[in-house]
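A short worksheet on the structure shown next.
Computed from a predicted structure; not experimentally measured.
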Amino acid sequence: MPKEARPSTGEQAKQHAFTLLRQAILHGEMAPAQRLVENELAEEFGVTRASIRAALIDLEAQGLVERIRNRGSRVRVVTVEEAVAITECRMVLEGLCAAKAAVAASDEQLTELADLGAAMTKAVADGEPVTYSELNHALHDRIREISGQQTAVELLERLNAQLVRHRFQLALRPGRPQQSLNQHLAMIEAIRARDPQAAEAAVRAHLTSVIDALSD
């Protein structure tokens, strides 16, 4: 952990622990079903057990942690069935954001999306699935930002956090980047054409493919 001064108690300490724990889960540093021992985490993060407990409660509300009666907390295991259900919800919200982005995007933002598409194409050609995965996330994030639909953005942030391991595993599956590239390029093309219906349809087609891949 960083050596800078950190609060040991109170709201700031809880937020400090929450942020570090959330990052560790999202970056795969803590595996699904890994036990989260309050004493150990308090010592590691330099905060009180009460701060850790409060952070775990907030992470449970985000679907990243589960508390098991008489056994404490662990990193939540998201089943394939749950991942499919979450992706079905993503389909509606991401489609909405793409449609709004097609209307709201500036010329500069449309160029930015085209540049992301070009970088994704290069990553696939170069056989770099991790780079492709990072660009994939960046594209979805940028479309959401451009949409200006803040409620959908906040809901998607919570949903996507629960899918981090499934999304990473899909990105590394042989042939998956090549399969999804054209779907992403179709999304970009529809937004650049300022066609909200086509943009929403492209997102739905892409996420239908994700559901199919998750179910394989």
State plainly whether one hydrophobic cluster holds both [X] and [Y], where clusters connect Ile, Leu, Val, Met, Phe, Trp and Tyr through side-chain heavy atoms under 4.5 angstrom apart.
{"X": "Leu163", "Y": "Leu26", "result": "no"}
{"X": "Leu156", "Y": "Met187", "result": "no"}
{"X": "Val75", "Y": "Leu41", "result": "yes"}
{"X": "Met120", "Y": "Val124", "result": "yes"}
{"X": "Leu64", "Y": "Leu20", "result": "yes"}

salt_bridge([X], [Y]) N-O dist < 4.0 Å:
{"X": "Glu145", "Y": "Arg142", "value": "yes"}
{"X": "Glu82", "Y": "Arg76", "value": "yes"}
{"X": "Glu157", "Y": "Arg22", "value": "yes"}
{"X": "Arg158", "Y": "Glu154", "value": "no"}

Please give me the minimum heavy-atom distance between [X] and [Y], naming the atom from each residue.
{"X": "Arg49", "Y": "Ala42", "answer": "N-CB, 3.9 Å"}
{"X": "Leu139", "Y": "Leu116", "answer": "CA-CD1, 3.9 Å"}
{"X": "Ser147", "Y": "Arg144", "answer": "OG-O, 2.6 Å"}
{"X": "Phe18", "Y": "Gln62", "answer": "CZ-NE2, 3.6 Å"}
{"X": "Ala152", "Y": "Cys97", "answer": "CB-SG, 3.7 Å"}
{"X": "Gln109", "Y": "Ala104", "answer": "OE1-O, 4.2 Å"}

Exceeds 12 heavy-atom contacts within 6.0 angstrom, atom [atom1] of [X]:
{"X": "Glu112", "atom1": "CD", "answer": "yes"}
{"X": "Gln150", "atom1": "CD", "answer": "yes"}
{"X": "Arg173", "atom1": "CZ", "answer": "yes"}

Between [atom1] on residue [X] and [atom2] on residue [Y], distance to nearest 0.5 Å:
{"X": "Glu38", "Y": "Ser73", "atom1": "CD", "atom2": "OG", "result": "6.0 Å"}
{"X": "Leu181", "Y": "Thr121", "atom1": "CG", "atom2": "OG1", "result": "4.5 Å"}
{"X": "Leu185", "Y": "Arg192", "atom1": "CG", "atom2": "CZ", "result": "11.0 Å"}
{"X": "Ser133", "Y": "Leu170", "atom1": "OG", "atom2": "CG", "result": "9.5 Å"}
{"X": "Arg53", "Y": "Asp58", "atom1": "CZ", "atom2": "CG", "result": "13.5 Å"}
{"X": "Leu93", "Y": "Leu207", "atom1": "CG", "atom2": "CG", "result": "10.5 Å"}

Verdict with supporting geometry, Arg90 and His140, side-chain contact (heavy atoms from CB on, under 4.5 Å): CA-CA 11 Å; Arg90 279 185 63 206; His140 283 273; 4.0 Å; yes
Taking side-chain contact (heavy atoms from CB on, under 4.5 Å) as the criterion, tell me which of Leu159, Thr87, Asn160 meets it with Glu94. Asn160
Please confirm whether the backbone N or O of Gln197 pairs with a side-chain atom of Asp195, one donor and one acceptor, at under 3.5 Å? yes
Can you tell me if His137 and Asp141 form a side-chain donor-acceptor pair at under 3.5 Å? no
Does any donor atom in the side chain of Gln183 or Ser209 lie under 3.5 Å from an acceptor atom in the other side chain? yes
Would you call [X] and [Y] a side-chain contact if the rule is heavy atoms closer than 4.5 Å?
{"X": "Ser180", "Y": "His206", "answer": "yes"}
{"X": "Gln34", "Y": "Arg74", "answer": "no"}
{"X": "Pro32", "Y": "Arg165", "answer": "yes"}
{"X": "Val103", "Y": "Arg194", "answer": "no"}
{"X": "Leu21", "Y": "Leu56", "answer": "yes"}
{"X": "Leu96", "Y": "Gln149", "answer": "yes"}
{"X": "Val203", "Y": "Met91", "answer": "no"}
{"X": "Thr111", "Y": "Asp115", "answer": "yes"}

With side chain to side chain donor-acceptor pair (under 3.5 Å) as the test, would you mind laying out the steps for His184 and Tyr132 before giving the verdict? CA-CA 11 Å; His184 287 104; Tyr132 179 82; 3.2 Å; yes
Would Val80 and His166 count as a side-chain contact (heavy atoms from CB on, under 4.5 Å) if you check the C-alpha gap in whole Å, the side-chain angles of each, and the deciding distance to 0.1 Å? CA-CA 8 Å; Val80 170; His166 287 283; 4.2 Å; yes
Hey, mind stepping through Glu11 and Lys14 against salt bridge (Lys or Arg N to Asp or Glu O under 4.0 Å) and telling me if it holds? CA-CA 5 Å; Glu11 178 62 26; Lys14 186 263 287 187; 3.3 Å; yes
